[in-house]
Amino acid sequence: IAGITQAPTSQILAAGRRMTLRCTQDMRHNAMYWYRQDLGLGLRLIHYSNTAGTTGKGEVPDGYSVSRANTDDFPLTLASAVPSQTSVYFCASSDSAGGTTDTQYFGPGTRLTVL
Amino acid sequence: RKEVEQDPGPFNVPEGATVAFNCTYSNSASQSFFWYRQDCRKEPKLLMSVYSSGNEDGRFTAQLNRASQYISLLIRDSKLSDSATYLCVVNPNKAAGNKLTFGGGTRVLVKP
């Protein structure tokens with residue numbers, strides 16, 4: 001693995017189903033993030049984690065949960081998917097949470113369609 | 001009002017021409033500014049950070065105007081490969097960590 005990976009690449013999901021989007025980074029970055037990107041709205045932060053063992057809510061956290069059991073992995077779970085969660089989901093990581101110039105590196109994204 | 005606003009474009013640019021566009025931000029206390037580039041159906045990638053004094057990276061020049069709360073990006077001698085969506089990104093609260101706010105993006109199309 002080089003950088004940050006996400007799985008699955010795309011998924012079609014029935015409403016009401018549970019779904020976990022996976023994100024793994026091998027850069028030993030402390031901070032990780034989940035965004036959703038919708039047309040006309042840009043990227044919006046769902047949840048973040050400044051370091052392993054801690055998580056926080058972003059701008060649009062409702063309907064999503066995260067965990068950060070270790071440095072490398074930051075899964076995003078939709079407990080009961082709804083059509084409004086149809087979006088492209090990007091995971092990102094940065095070396096630290098406090099630096100103002102730390103670059104965020106993004107994964108390739110997961111395209112999720114909820115029917 | 002959105003925290004970070006951009007003209008969605010598209011800006012249709014002849015190859016070799018110069019194009020410039022701005023982004024406005026609402027939080028006057030914002031301390032960090034960036035331009036990211038996003039190609040169609042791909043992930044965003046950092047193009048450049050924006051410093052108070054302005055900065056240049058090859059054909060790309062970024063400026064920050066704190067008084068008017070906007071940042072700009074200028075692309076000189078446009079290449080076909082510059083066609084992309086350019087995302088204006090702001091860190092509105094350094095104390096809260098590296099949580100970034102993204103604009104909706106400005107689409108640039110460079111044509112032969």
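Order of the sequence lines fixes the chain letters, A, B, ..., with proteins taken first and strands second; residue numbering starts at 1 for each chain. No experiment lies behind these values; they were computed from the predicted model shown.
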Margin query: Can you tell me which portion of B/Gln38 sits under 4.5 Å from chain A's heavy atoms? Options are side chain, backbone, both or neither.
Written below: side chain

Next item on the list: Would you mind checking which part of B/Pro8 comes under 4.5 Å of any heavy atom in chain A, side chain (CB onward), backbone (N, CA, C, O), both or neither?
Entry: neither

Note to self: Strictly less than 4.5 Å between heavy atoms, which residues of residues 102-112 of chain B line up against chain A? Please order them by number.
What the structure shows: B/Phe102, B/Gly103, B/Gly104

Next item on the list: Kindly state each residue pair satisfying ring-ring contact (aromatic ring centres under 6.0 Å, His included) with at least one member in residues 5-26 of chain A, sequence neighbours excluded.
Entry: none

Item checked: Joint hydrophobic cluster, B/Phe11 plus B/Leu80, side-chain heavy atoms closer than 4.5 Å -> yes

Notebook entry, point to check: If you group Ile, Leu, Val, Met, Phe, Trp and Tyr by side-chain heavy-atom gaps below 4.5 Å, do A/Val60 and A/Val82 land in one group?
Noted result: no

Portion of [X] that has a non-hydrogen atom of chain B nearer than 4.5 angstrom:
| X | answer |
| --- | --- |
| A/Leu45 | side chain |
| A/Tyr105 | neither |
| A/Gln37 | side chain |

Check: Does any non-hydrogen side-chain atom of B/Phe34 lie less than 4.5 Å from one of A/Thr103?
Finding: no

Note to self: Please determine whether the number of non-hydrogen atoms from other residues, nucleotides or ligands lying under 6.0 Å from atom CZ of A/Arg17 exceeds 12.
What the structure shows: no

Note to self: So, taking the atom named NZ in B/Lys42 and the one named CZ in A/Phe106, what distance separates them when rounded to the nearest 0.5 Å?
What the structure shows: 15.5 Å

Margin query: Taking 4.5 Å as the heavy-atom cut-off, does anything in residues 108-115 of chain A contact chain B, and if so which residues?
Written below: A/Pro108, A/Arg111

Check: Which pair of non-hydrogen atoms, one from B/Tyr36 and one from A/Gln104, has the smallest distance, and what is that distance?
Finding: OH-N, 3.1 Å

Item checked: Non-neighbouring partners of B/Ser68 that pass side chain to side chain contact (heavy atoms under 4.5 Å, CB included), sequence neighbours left out -> B/Asn65, B/Tyr70

